[in-house]
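See structure below.
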Amino acid sequence: MDILAELNPAQREAVEAIQGPVLILAGPGSGKTRVIAHRVAYLIKVCGVSPYRIIAVTFTNKAAREMTDRLTRLVSGSVGDLTLGTFHAICARILRRDGRSISVDPKFVIYDDEDQLSLLKRSIQEVGLDPKQYAPRAIASAISAAKSRMLTPQDCLKRSRSYFEEVVGRVYERYQQLLAEGSALDFDDLLMKVVLLFRNNPEILAKYQTRYQHVLVDEFQDTNLVQYELVRQIGAKYRNICVVGDPDQSIYSWRFADLRNILSFEKDYPEAKIVFLEQNYRSTQRILETASNVISVNQQRKPKELWTDNEEGELTTVVEAYTEMEEAQFVVNEVERLVGNGEASLGDCAVMYRTNAQSRALEEAFMRYGVPYKLVAGTRFYERREVKDIIAYLRLIQNPNDSISLLRIINVPQRGIGQRSLSELSGWARAKNIPEYQALKMATEPELEELPPLNPRIVRAMAGFLKLTEELIAANKKLNLVELLDSVLERTGYKEYVLNQPNGEERWENVLELRTVAQDYTDLKPGEGLTAFLEGVTLVSDVDGLDESVAAVTLITLHQAKGLEFPVVFIVGMEEGLLPHFKSFDDAEQMEEERRLCYVGITRAKRRIYLVRAFHRSLMGRTGTTIPSRFLADIPSHLVSSGGLWAGEESQIAEAIYAWDKIRSPAVTTPELKAGDHVRHPQFGDGVVVNCQEVKDDREAIVVFSGWGLKKLLLSLARLEKIE
DNA sequence: CGAAAGGCTCTTTTT
DNA sequence: GAGCCTTTCG
């Protein structure tokens, strides 16, 4: 098979440029995944590079799986030695192998968000603060921001400039101590620790640098600083780094992804070859045009000319339903209609939305009409209480110092060890600076002088739990994973316990489902299967479970939809407050990201796109009138099939009560501005107003900023501050 | 000790 | 509307 044959000139250029750094800027549907796959295949087949010397990073495990499939076909053989996976999965592997030198226990467990939050609450308390006063989520986010910039607690404390930052620094410090004590890492640690490992151990870094002759990174626009640094470190020796991305599809800034990575790449690798992929193979002309009109409003963007040879296609359908129930009903009916007249199959259709909560009304409608659907939320399964309980037992077997897991299940099923006794134990453990499990061991030693003040009955219960755990730990040395899991279920009496809970049957089904997942690991040696399984279930991403072969409509968030494509796409909730989300209202940059999100959604569609909204929507208990998303207004009418409803929108915008105004943070008072006024902008700095005029129901100022030039800014969005 | 009920807050996107 | 926490009662 000729690997270059089926590529267009630009794609071919991107594949053949194997020497030195390459930046591929690729529009939606321009075949970037294809370019990566072909490039790897080209390296292996044509250039004779061993797969062992190639590392390719994808955004999800699913993308990695698909890449493997594609490659196996392209090179007609196995690519087993290839390093392929998400940053997190790859880093976890590196740390298990080489983490010892920075005191990462190879038996570490990975904490998910829920575990992280529990540990954080504990850390907040332990530094003498009240978790109610310092929202653990806000602190979690601040710590994550720090880690994505590779800042240690000490760095944070040193540079803290406010009381909150100091609090973050102190909590962060304790949080890391507790993680270390329990041999646990959070998601961000996986990345940051590898960077630190490489920094402190040049010989280990050299090993990886020498091994990886070629580095490839997909979805580069959504990488953050640690990830950039990792790529830089690993690729430093050969500099054969190929990154692929699209600034217009950058939608993860809240995870500290930084678009500036693309600019840094051009700066750090001045010799980089830059390839533009602008031909779209996915969508009809009209879909592409709709999308372009939406995205071109963004100010912070390099204009890009996307084009396609595909047919003109259908008009964009804009629909207004009365309520969210009717919105869902419209989608279901329309799917049935399309499937009925043979225009599409169930699997061709996807419904996309901004927030997970929106899936509910949709699910109900699909269920009521008996239309098969699949909800993309793989991680949701692993968040279920019963599933997490079992995983906690398994984690405890792998690493008994994992106190979060221990506290989760020490009394599940009930063993008569209550909250009071547990805080006694925890306090005692903390005083001795040991994990709970070690404290448990000591507390149940009858000959010990200094015992925690516990009731003998409780001590007996604790000893029983300890004995159970020790036996399971021993069992892990000779049983395979499923045998071990069965042994957990049997020894704990979990089945009887869960069946007595509300929805017991369903929950037990979930446990059995988990057991099915575990079966994939039975071939591994005792112990190893457990490690691999625990890593697998923690690093799953939502789309990983998406199975294209199932004939059902896909319900998916806009974020999850990145990288996917469907012949028919419905985007629901096209309303102010939802898309764009109201959290972004007072920040021009975030607003641009909302727009990109909308763009990502539209460009998933191959043949048909529906933009749907509800006139009434209930949120937070309240029902409110909505107004159409501003993004709808950017689509020229010649591209829209006017469902009659759309025509009357203009007057509605004026009349509609802006339901979100009540929730929205107090409107930034827009200053009266005239030409010559000096203003300050959070991003552009100080500038001078050139002009200011009324537009629709807003005012638009044209301001010149030094270093940025002229900017058009809507006063309701841009946080302009008048300065004297 | 444990279950149940009531009250509170916060509502985005996820590896 | 949900999840989390606290309170209350058996």
Side-chain angles (χ1 to χ4, degrees), chain A residues 57-64 85-92 110-114 116-118 121 130-133 135-138 140-141 144 147-148 185-191 219 222-224 226-227 250-257 352-361 376-380 382-383 385 411-422 455 457-458 461 500-502 535-544 556-562 573 577-585 587 590 593-594 596-598 600-601 618-623 660 663:
Chain A
V57 188
T58 57
F59 197 69
T60 63
N61 299 300
K62 177 169 179 277
T86 63
F87 275 109
H88 291 88
I90 290 172
C91 286
I110 303 167
Y111 277 178
D112 66 16
D113 278 3
E114 194 189 334
Q116 184 191 22
L117 224 50
S118 319
K121 278 181 197 155
D130 178 5
K132 270 187 227 120
Q133 211 156 1
R137 271 175 202 291
S141 172
S144 179
K147 287 184 177 177
S148 69
L185 299 178
D186 67 17
F187 286 134
D188 298 310
D189 281 337
L190 293 174
L191 310 178
E219 307 285 8
D222 284 319
T223 54
N224 61 25
V226 206
Q227 293 167 337
S250 137
I251 53 175
Y252 281 93
S253 71
W254 49 274
R255 238 169 64 184
F256 311 104
M352 302 179 184
Y353 36 82
R354 176 67 230 268
T355 68
N356 281 304
Q358 289 170 264
S359 68
R360 204 193 177 98
V376 178
T379 62
R380 289 301 152 89
Y382 295 103
E383 283 166 14
R385 197 187 303 161
N411 202 34
V412 177
Q414 291 90 335
R415 300 187 174 88
I417 307 170
Q419 211 50 63
R420 282 268 302 279
S421 323
L422 282 179
N455 180 321
R457 195 183 76 235
I458 308 282
N500 281 322
Q501 302 282 312
E535 199 157 297
V537 300
T538 317
L539 295 180
V540 277
S541 60
D542 285 310
V543 290
D544 291 346
I556 191 168
T557 65
L558 287 162
H559 282 90
Q560 293 164 349
K562 190 179 69 164
L578 225 38
L579 185 66
H581 196 271
F582 66 88
K583 284 262 178 184
S584 307
F585 277 0
D587 183 323
Q590 280 192 55
E593 184 151 315
E594 296 289 312
R596 291 194 291 270
L597 198 50
C598 185
V600 166
S618 59
L619 248 136
M620 294 176 264
R622 292 192 86 89
T623 304
W660 305 100
I663 323 162

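Within every chain, numbering begins at 1; the chains are lettered A, B, ... in the order of the sequence lines, protein sequences first and strands thereafter.
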Quickly work out the [X] [atom1] to [N] [atom2] distance and round it to whole Å.
X      : N      : atom1 : atom2 : result
A/R255 : B/dT13 : CZ    : P     : 13 Å
A/F585 : B/dT13 : CZ    : P     : 16 Å
A/H581 : B/dT11 : NE2   : P     : 10 Å
A/F59  : B/dT14 : CZ    : P     : 10 Å
A/L579 : B/dT13 : CG    : C1'   : 11 Å
A/I90  : B/dT15 : CD1   : P     : 16 Å
A/I251 : B/dT13 : CD1   : P     : 13 Å
A/L191 : B/dT14 : CG    : C1'   : 13 Å

Taking side-chain contact (heavy atoms from CB on, under 4.5 Å) as the test, write out the residues that go with [X], two or more places apart.
X      : value
A/N500 : none
A/A138 : A/A135, A/F164
A/S250 : A/Q221, A/D222, A/L259, A/E593, A/R596
A/D188 : A/S144, A/K147, A/D186

Point to revise | Phosphate OP1/OP2 of B/dT15 contacted by A/N61 side-chain N/O (<4.0 Å) | key: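 Answer is no, no contact under 4.0 Å.
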Check your understanding: Think A/T557 has a side-chain N or O under 4.0 angstrom from the OP1 or OP2 of B/dT14?
Key ->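 Yes.
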Exercise for review: Could you measure between the two C1' atoms, the one in B/dT13 and the one in C/dC4, and give it in whole Å?
Suggested key: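 After rounding to an integer number of Å, I get 22 Å for this pair.
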Under the side chain to side chain donor-acceptor pair (under 3.5 Å) rule, collect the residues that match up with [X], sequence neighbours excluded.
X      : answer
A/R415 : A/Y393
A/Y111 : A/D402
A/S118 : none

Practice item. Could you summarise the pairing of DNA chain B as dot-bracket text, marking Watson-Crick and G-U pairs under 3.5 Å with ( ) or [ ] inside the strand and | across strands? Key: ||||||||||.....
Practice item. Taking only the side-chain heavy atoms of A/Y252 (C-beta and beyond), determine which of B/dT15, B/dT14, B/dT11 contains the nearest atom. Key: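 Comparing B/dT15, B/dT14, B/dT11 against the side chain of A/Y252, the answer is B/dT14.
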Review point. Do A/T223 and A/V57 have side-chain heavy atoms sitting under 4.5 Å apart?
Key: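 With C-beta onward as the side chain, the pair stays apart.
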Polar-atom pairs under 3.5 Å, protein N or O versus N or O of nucleotides 1-4 of chain B: list them with distances, or write none.
| unit_1 | atom_1 | unit_2 | atom_2 | d |
| --- | --- | --- | --- | --- |
| B/dC1 | OP1 | A/G418 | N | 3.4 |
| B/dC1 | OP1 | A/S421 | OG | 2.4 |
| B/dG2 | OP1 | A/N411 | ND2 | 3.3 |
| B/dG2 | OP1 | A/G416 | N | 3.2 |
| B/dG2 | OP2 | A/N411 | ND2 | 3.2 |
| B/dA3 | OP1 | A/Q414 | NE2 | 2.4 |
| B/dA3 | OP2 | A/Q414 | NE2 | 3.2 |

Exercise for review: Calculate, to the nearest 0.5 Å, the distance between atoms CZ and NZ belonging to A/R137 and A/K121 respectively.
Suggested key: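 Answer rounded to 0.5 Å: 7.5 Å.
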Practice item. Kindly compute the distance separating CD (A/E219) from OG1 (A/T86), expressed to the nearest 0.5 Å. Key: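 If we round to the nearest 0.5 Å, A/E219:CD and A/T86:OG1 are 13.0 Å apart.
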**Study point:** Test salt bridge (charged side-chain N to carboxylate O under 4.0 Å, His left out) applied to A/R457 - qualifying residues, sequence neighbours left out
**Key:**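 A/R457 satisfies salt bridge (charged side-chain N to carboxylate O under 4.0 Å, His left out) with no other residue.
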Exercise for review: For A/H559, enumerate each residue passing the ring-ring contact (aromatic ring centres under 6.0 Å, His included) test, keeping only those at least two apart in sequence or located in another chain.
Suggested key: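 Once residues adjacent in sequence are excluded, the partners of A/H559 under the ring-ring contact (aromatic ring centres under 6.0 Å, His included) criterion are A/Y252, A/W254.
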Check your understanding: So what does A/D113 touch, heavy atoms closer than 4.0 Å: a base, only the sugar-phosphate, or nothing?
Key ->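 Base contact.
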Check your understanding: Can you give one letter per nucleotide of nucleotides 2-10 of chain C, 5' to 3': B if a protein heavy atom sits under 4.0 Å from the base, S if only from the sugar-phosphate, - if neither?
Key -> S--S-----
